[in-house]
Amino acid sequence: MDTKLDPWSSNDITDYSKLFEEFGISPFETVLPEIPSPHMYMRRKVIFGHRDYEQIAQAMRTGAPFSVMDGFMPSGKVHLGHKMVMDQIVWHQEQGADAFVGIADREAYSVRGFSWQKCRDIGVEEYILSLIALGFKPDGLIYFQSGCESVKDLAFELGSKVNFSELSAIYGFSGETNLSHMLSVATQAADILQPELEDFGGPKPVVVPVGPDQDPHLRLTRGLAGKMNMFRIEEREDSKTGRPYLSVRGKAASKETLKELKKRIPGKVKLYEAHVDVLEFSDRAGLEEIVRDVALEFGGYAFLPPASTYHRFMSGLQGGKMSSSIPDSHIALTDAPKDGAKKVKRAKTGGCVTLEEQKKLGGKPDECSVFELMLFHLLEDDKELLEIREECVSGTRMCGSCKQLASELMHDFLKDHQEKRELAREQLDEYRIMYKK
């Protein structure tokens, strides 16, 4: 593979289409018509790819249970890049999802070397307050990894299904990688699968909105979901007749469990020592439901592979990559409104060198960080945004007018958001937040 995805460093992906072929990510536009009221990021192709989002769209249309899960490593200032994920969590919660948000303090402890107290302070002051200010409802669950026993227990079990060679292939781990870092990876897989535990309603579709750099976590977790399950269903073919059939196989399943499966599956079924062959039952979805029910009743797992969406990275205000370590490249949600507005006015645009050239040749909105701010965050009206784009390309709109508009909108957004953050601070007791004791 030519493209390297690393969850712990900034990535400069210029051709997102490569991810479809190299990592098996599907174009989002194929599932967009199935979504009742698409989010702004979906309509504007900010979300460009997905894995298995069809099951989420179906749950939204039918009212079936589903969850949204995501997490934040408490490593610094909360900024507009984090807001993109928070917006998607809140939107899915509004569409009926049970929402889970993990503060990845185990990851910050192992990767950044932060103390538990520092992780807690950053987690609350930066991420949780902004999440609530953006509309997260109290019926969702917010937890620190170090304070969530179900995540820690599940991470331990998941660890038995993955070895160093696999982690090395997915993440590039070497002999220098510490054990806690590897454990934090298993913990993130547990974060993603936790909404499917019986304590939280059992198996259901779960979506994780991420940037493409986080896809290694999704690939690992999807694989672990299958390895943890008591059963797997395989499509097979009779060697004599060539007739296809389904085989339910489970190495860890007891004889009693297999007998119960045979009893519940209608049609012609053959029982063997470690599997059950289903010779006539053609309803794959119905079979999967029976298999899940039996696995759970006999103390096993029946995880559905998690779904995911992938959104484009925001570029830095001065061009190139946005970096938390370079203040002028990003706008933090806690920046003073006047400072945020100034950063917008200093931002790199896609305009020409002179006004004459701009009027003659037009601007390049796709290379403009100011237009990107409006596209991602500041303008909700699609029609107004399209008009600005067309005026820019035609040369009838100058960069100064866009900077003025965007800086005013940024000032107002930050002012409003920070007022809501203070209200959120007063409402923290209304939320389910699990801390390290």
Side-chain angles (χ1 to χ4, degrees), residues 5-8 11 16 19 23-28 31 35 38-39 41-42 46-60 64-73 81-104 106-107 127 131 134 136 140-143 145 148 150-151 154-155 158 162 170-171 184-197 200-201 203-226 228 303-313:
L5 298 181
D6 182 353
W8 298 286
N11 289 270
Y16 289 94
L19 303 180
F23 296 100
I25 294 172
S26 301
F28 196 82
V31 75
I35 302 168
H39 188 274
Y41 294 155
M42 299 173 178
V46 172
I47 295 175
F48 67 89
H50 76 98
R51 291 187 194 274
D52 288 349
Y53 197 78
E54 295 91 348
Q55 60 182 320
I56 303 299
Q58 182 180 15
M60 286 191 287
F66 73 104
S67 294
V68 59
M69 189 283 142
D70 221 309
F72 303 93
M73 181 166 69
H82 300 116
K83 175 182 174 292
M84 291 179 66
V85 176
M86 294 178 181
D87 285 342
Q88 294 173 71
I89 295 170
V90 170
W91 180 82
H92 280 98
Q93 189 181 34
E94 291 171 349
Q95 306 311 306
D98 294 327
F100 294 74
V101 176
I103 303 300
R106 278 189 156 193
E107 185 179 8
Y127 298 90
L131 176 68
L134 289 168
F136 191 81
L141 175 64
I142 304 172
Y143 63 91
Q145 290 174 329
C148 187
S150 56
V151 161
L154 181 56
L158 292 172
V162 64
I170 294 174
Y171 297 101
S184 75
V185 169
T187 304
Q188 291 201 45
D191 287 327
I192 295 170
L193 294 176
Q194 178 182 225
E196 297 194 57
L197 295 177
F200 299 101
K204 68 180 75 65
V206 178
V207 61
V208 188
V210 293
D213 60 326
Q214 300 300 306
D215 186 56
H217 295 317
L218 270 301
R219 297 202 307 273
L220 175 68
T221 306
R222 287 170 62 88
L224 286 174
M228 291 292 290
F303 293 119
L304 300 176
S308 50
T309 60
Y310 300 90
H311 55 259
R312 288 163 43 194
F313 292 121

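- Across all their heavy atoms, P65 and A59 have their closest contact at O-CB, 4.3 Å.
- With sequence neighbours excluded, the residues forming a ring-ring contact (aromatic ring centres under 6.0 Å, His included) with F100 are F200, listed by chain and number.
- For A189, the side-chain contact (heavy atoms from CB on, under 4.5 Å) test picks out L158, T221, L224, with sequence neighbours left out.
- Taking CG from D191 and OG from S184, the interatomic distance works out to 10.0 Å, rounded to the nearest 0.5 Å.
- By the side-chain contact (heavy atoms from CB on, under 4.5 Å) test, T309 is found to be paired with F28, I47, Y53, Q88, V207, P209, residues two or more places apart in sequence or in another chain being considered.
- Considering only heavy atoms from C-beta on, E107 comes within 4.5 Å of Q188 through its side chain.
- With sequence neighbours left out, Y41 forms a ring-ring contact (aromatic ring centres under 6.0 Å, His included) with H39.
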Full working for side chain to side chain contact (heavy atoms under 4.5 Å, CB included) between L304 and V206: CA-CA 8 Å; L304 300 176; V206 178; over 6 Å; no
Stepwise side chain to side chain contact (heavy atoms under 4.5 Å, CB included) test for H311 and V85: CA-CA 9 Å; H311 55 259; V85 176; 3.7 Å; yes
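- Here the straight-line distance linking atom CD1 of I35 with atom CD of Q58 works out to 13.0 Å at 0.5 Å rounding.
- When all heavy atoms of F303 and L193 are compared, the pair lying nearest together is CE2-O, 3.7 Å.
- Judged by distance alone, with hydrogens and angles left aside, the side-chain atoms of Q95 form no donor-acceptor pair with the main-chain N or O of M60 at under 3.5 Å.
- When all heavy atoms of A155 and A190 are compared, the closest pair comes out as N-CB, 3.6 Å.
- Partners of K204 under the salt bridge (Lys or Arg N to Asp or Glu O under 4.0 Å) rule, at least two apart in sequence or in another chain, do not exist in this structure.
- Not a single side chain to side chain donor-acceptor pair (under 3.5 Å) links E196 to another residue, sequence neighbours left out.
- By the 4.5 Å heavy-atom criterion applied to side chains, V31 and S26 are not counted as neighbours.
- Between the CD1 atom of I192 and the CG atom of L154 there is a distance of 11.0 Å, given to the nearest 0.5 Å.
- Note that CG of D215 and CD1 of I25 are 4.5 Å apart. Values are rounded to the nearest 0.5 Å.
- Annotation: side chain of F66 is in contact with side chain of H92 (closest heavy-atom distance under 4.5 Å).
- Listed by first and then second residue, the salt bridge (Lys or Arg N to Asp or Glu O under 4.0 Å) pairs involving residues 81-95 are K83-D87 (not counting sequence neighbours).
- Under the 4.5 Å side-chain criterion, counting only non-hydrogen atoms from C-beta, R312 is in contact with F48.
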Evaluation steps, side chain to side chain contact (heavy atoms under 4.5 Å, CB included), between W91 and V68: CA-CA 10 Å; W91 180 82; V68 59; over 6 Å; no
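- Residues P305 and Q55 approach most closely at O-NE2, 3.6 Å, considering heavy atoms.
- Here S308 pairs with Y310 under the side chain to side chain donor-acceptor pair (under 3.5 Å) rule; sequence neighbours left out.
- Heavy atoms only, all atoms of each residue included: I56 and P205 are closest at CD1-CB, 3.6 Å.
- In this structure, the separation between OG1 on T187 and CZ on R106 is 4.5 Å, given to the nearest 0.5 Å.
- For D52, the salt bridge (Lys or Arg N to Asp or Glu O under 4.0 Å) partners at least two apart in sequence or on another chain are R222.
- F72 pairs by the ring-ring contact (aromatic ring centres under 6.0 Å, His included) definition with Y127, not counting sequence neighbours.
- Side chains of P306 and M69 form no contact here, defined as non-hydrogen atoms less than 4.5 Å apart.
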